[in-house]
Each structure stands twice: as structure tokens, then as C-alpha cells.
Protein chains: 2
Amino acid sequence: MLKPNPIHLIHVKPACEQCRVRELCLPTNLKSQDLSLMDKLVVRREPLAKGEFLYRAGEKFKGIYAIQDGAVKTYGLTVDGREQVTGFHISGEVFGLDAIDGEVHPCNAVALEKTEVCQIPFAKLEELSMEVPELLHNLSRIMSREIMREQHVLLMLGGTSAEQRIARFLLNMSQRYADQKLVSDRFRLCMSRQDISNYLGLALETVSRQFSQFQERGLIDIQNRYVQIKQFSLLKQVAQ
Amino acid sequence: MLKPNPIHLIHVKPACEQCRVRELCLPTNLKSQDLSLMDKLVVRREPLAKGEFLYRAGEKFKGIYAIQDGAVKTYGLTVDGREQVTGFHISGEVFGLDAIDGEVHPCNAVALEKTEVCQIPFAKLEELSMEVPELLHNLSRIMSREIMREQHVLLMLGGTSAEQRIARFLLNMSQRYADQKLVSDRFRLCMSRQDISNYLGLALETVSRQFSQFQERGLIDIQNRYVQIKQFSLLKQVAQ
DNA sequence: ATTTCTCCTTGACCTGGATCAATTTGAAAA
DNA sequence: TTTTCAAATTGATCCAGGTCAAGGAGAAAT
């Protein structure tokens, strides 16, 4: 499988208007003048390096985050001190919504690769939402979507075998690339086997074995973190 | 353990102003005149009988729901047709937020006992939120809280033993009664062992055995659905 | 009061996936 | 390039909890 050739371009931070993932993010359906008001709100940070934290549990909440490019893992700590991954977030996705109520981040967010994020200061976003009904509605929808996302994780974890969970995980990642109009049958997993296993409530050895088994069965081709889904229909069947 | 004596009162539906759980619900911190605007929005339905559906998966979304009294279970169907409980909701709690994005309920909501709910039509709620900043903020906070609630479930399910899950479940229920200023060391479980096991990703036999074991160890006293937590500190220790 | 039915408990057995352990591979650092 | 270290694979073993099965106890219906 071919790795993308790393060409170094001059770093450009597109405004909302030019952003590749605009339609998945908060500005969907906004009129041009509202879009530029929205754009003025957004803080575009320097890209995060792999392993860099966007925020840590306990930090004061300033705003929610949208990913322009890259990937972020969010994780919490259980009462007994174990790490528990609560989500992987890729471009076009909004996260940090869990901090609104308590005004403190209840979990950690760390970049899984070089990542560009936009911060949307929440107090200002609420103010602008009072002026722009579409924006208020988009905010509601994005929060609702996050609630559904977590419900899907619950459905995925409930009473399913390791085989099913991993098949569903791969199909879910694939779908999210498809949502962005990106190639969805071959992609790079942005997270380690450790992270996947933790997220799916399995041992990392089980994940590794299951990947190997899917490969033997011809369902997928996996080399390190590069996956190609070769038999969508069969994989869906395995996922039930 | 004493069952509450069933006294039949004339059915009264308190307005938001008089509602016992007002401070947990959308109207928190609202000024008196805003509260009455909010109150005009609310649709108070006839009480639901045990087993009655509030909505079913696929139904068009009209509004979100708040429980005045009683309990509701929400559940989805997995791809292979199994039921998966996504939450138990008791008085003072708001749910149905997962339907905002798609404008269709992705799951079912059924009363676990005689239950009084308020429907808050969502389009009207958004309109009023544009006028009342506190209401907009309360809505954001309630959605954020729901996201956190689901994250807690994920943390609870991730890499924990059956013993821990059940201890945490009991402590969680207890805390939610405490949040309402109700007795929190003795309460009636509003759901079946089946529902609990499904929710916690365990077999119902495991739940039953674990309850018996906690009883033997003197941590709790359980008779049918009536629980008394006798050793909070020990139970917390078991939950880690 | 008696029947019926649903919910719950308890026992016996077995398997999926966790755990432990030993390499192998790949990527970053020197 | 070689070294170093983290990440991934694969094998062997074991046990927590699932499954199957057989009652028992409450609640609702007759």
C-alpha cells in the first residue's frame, strides 16, 4: 500500500468559507454574512504535533473544537486510575462539548498525528447564536449528533463478540471518511492497537489477532496502520 | 423494607413554577417572567402507565421530554435486532435529545412505572432561547450533561468486572436520588434484572448472583426491587 | 383462593477472550 | 548506517462470566 508522499506546503489556515469540512461543521447552511461573523469568532491555533495535548482533564473550558485536519483522541480516567478512550475525532468533527455544563474539561484531548484545530469560544458562540437562528440550530444538531455517536458506541459494546466489534469499528471509520468525500476503502488508522483495544473494551492482543484473522479470510488487507477493506459486504455481514 | 402506601390523590400537574424538580430541569435560574413564558411552551401529557411507550424508534421528533415523576427506559436496536438499553431516566431528568439532529427518534422510550412527563416542543424552545440567554445556556448545559452521562457509562463499561459495574450502578442510582433531595440509601429499582443486565453488558444471572453476593457480604439489603445500601464506604471501595 | 405467568434465583458446565510470555517489526534517534 | 525503543504479532494457558437448566416467589388474573 502506498503512503502519501509528504510534500511540505506553506502552512495555510483556511477561513470557514474556504474550509474543506465546512459542511460538516458549525457553519453549515449559514448565509454569507453570517458565515463571516462566525469566522471572526474562530481561533485558529498553530498545528498540534503528534502527542501534544489540546486540553487536559480539569482545565477550564474556553470553547469547543473542530478539526480541520488530523486526528484527536479523547480519554478519561476511571475511578481506579485506568485510561479509558471515549472517542477518536477526525477532520470535520466537533468535540469538547462535554465541558459546557461544568465549565471544566472532564477528559483529556491529545493529537494522534499533526493536527489542525479551530477553537470556537463558547460564550461568543452562544451570543452569536442569539442573533443567527441557523447557528443555534446547528449547535443543537451537533450536540445531538454527539449524543447519538456515544449511543452507537454503547450499542456496539453491548453484547457483541470481539469479531463484531472490530468489524463495526472498521466500517465506522470507513463511513466517517466517506462522510468527508474521502477515499473510504483504504485509509490509515490514526491510533495504536492499544487505543483501539481500550476503546472497544478488548485486550490489545485480541485486536491484533482479529485483524490477522480478517486478513487471512481476505476481508481486509492490513499493513501496520494502513488498512484496505477488500470485501465490504462480507465485513458488514460479520458486523451483523 | 416498607413499601410506600399507595394513596390516590386527585391528579395535579404542577406548572414549572411549582415543580419539585424545577432546579434540575430547563427552567433553572430563569427570571419569573421568563419562567412563565417557558411554562406556556410545555405540554403536560396524561400520565403514562407502566409499559406505555412515550415514543418509538422512527417516529418524527416533536420535542424533548422531562420527567416530573416516574421512570423511563430508552433503548435502541442493534444491527442484529437485539435490544440495547441506552439509559434509565428518573424524575428531574431530560431526554430525547438524540433526536434533534435527524428529526426522528433513533430509539424507543417506554415507561417503567406510572410516569408523568412534560414535552417541550423543540422548535418553540429554540425560538424562546433566542430571546432568553439563560434558557439557551440551560439547554446547552443539559445537552452537555447528557454527553457526560454517556461518557460515564463508557467509563463504567470499559475494562471493569461485573462486581465493579454493579456496585457503580447502585451508587449511580443512589446519587441520582440524592440529586433530587430524596432518600438515597433506600430506593426501589424501577427496572427489571433483565434491563439492568442489558444496560451493563452482563448476563441477567450474573446481576442476580452479584446482588445476592453483596447481600451476603452485608453491603446491601435487597428484597425484590427494594434496595437498601448498608455500607456505602465498602460499596464505593468495591466500585474502586 | 387458586391459577397463571413473569421475574428472579441458584447450580453446573463450558468457552471466548484476558493474561502472561517470547519474538518480530518498524520507526525514531544517534 | 547502526542503535534503541515502542508497537505489533503470535503462542500457550486460564478463569470470569456466559449459557443452559431447573426450580421458587410475587404479582396479576380468574
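Since the model is a prediction, treat every value here as computed from it, not as a measurement. In the text below, chain A, chain B and the rest are named by the order of the sequence lines, each starting its count at 1.
- Between A:Ser161 and C:dG16, a side-chain N or O to OP1/OP2 separation shorter than 4.0 Å is absent.
- With rounding to whole Å, B:Asn198 atom CG is found 13 Å from C:dC8 atom P.
- Within the 4.0 Å cut-off from OP1 or OP2 of C:dT9, at least one side-chain nitrogen or oxygen of B:Arg193 is found.
- Rounded to an integer number of Å, the gap from B:Arg188 CZ to C:dC8 P is 10 Å.
- For the pair A:Phe211 CZ and D:dA7 P, the interatomic distance rounds to 16 Å; values are reported in whole Å.
- The CD-P distance, from A:Gln223 to D:dA8, rounds to 14 Å in whole Å.
- Residue-to-nucleotide contacts include no donor-acceptor pair under 3.5 Å from the side chain of A:Arg225 to the base of C:dT25.
- A salt bridge is absent between B:Arg56 and B:Glu59; no separation between the charged side-chain nitrogens and carboxylate oxygens falls under 4.0 Å.
- With sequence neighbours left out, the side chain to side chain donor-acceptor pair (under 3.5 Å) criterion links A:Arg176 to A:Glu93, A:Asn172.
- Between B:Tyr226 and B:Phe187, the distance from one ring center to the other does not fall under 6.0 angstrom.
- What separates CE of A:Met191 from C1' of D:dA6 is a distance of 18 Å, to the nearest Å.
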Item to check | Stepwise salt bridge (Lys or Arg N to Asp or Glu O under 4.0 Å) check, B:Lys181 with B:Glu23 | outcome: CA-CA 11 Å; B:Lys181 324 281 180 210; B:Glu23 288 308 307; over 6 Å; no
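- Contacts of residues 199-208 of chain B with DNA chain C (heavy atom under 4.0 Å): B:Leu204, B:Glu205, B:Ser208.
- One atom, CD of B:Gln194, and another, P of C:dT6, lie 13 Å apart when rounded to the nearest Å.
- The aromatic rings of B:Phe95 and B:His89 lie parallel to each other, with less than 30° between the two planes, well short of the 60° mark.
- Residues B:Gln68 and B:Cys118 come closest through the heavy atom pair NE2-SG, 3.2 Å.
- Atom CD in A:Glu113 sits about 16 Å away from atom C1' in C:dA27, given to the nearest Å.
- Rounded to an integer number of Å, the gap from A:Ile166 CD1 to D:dT9 P is 11 Å.
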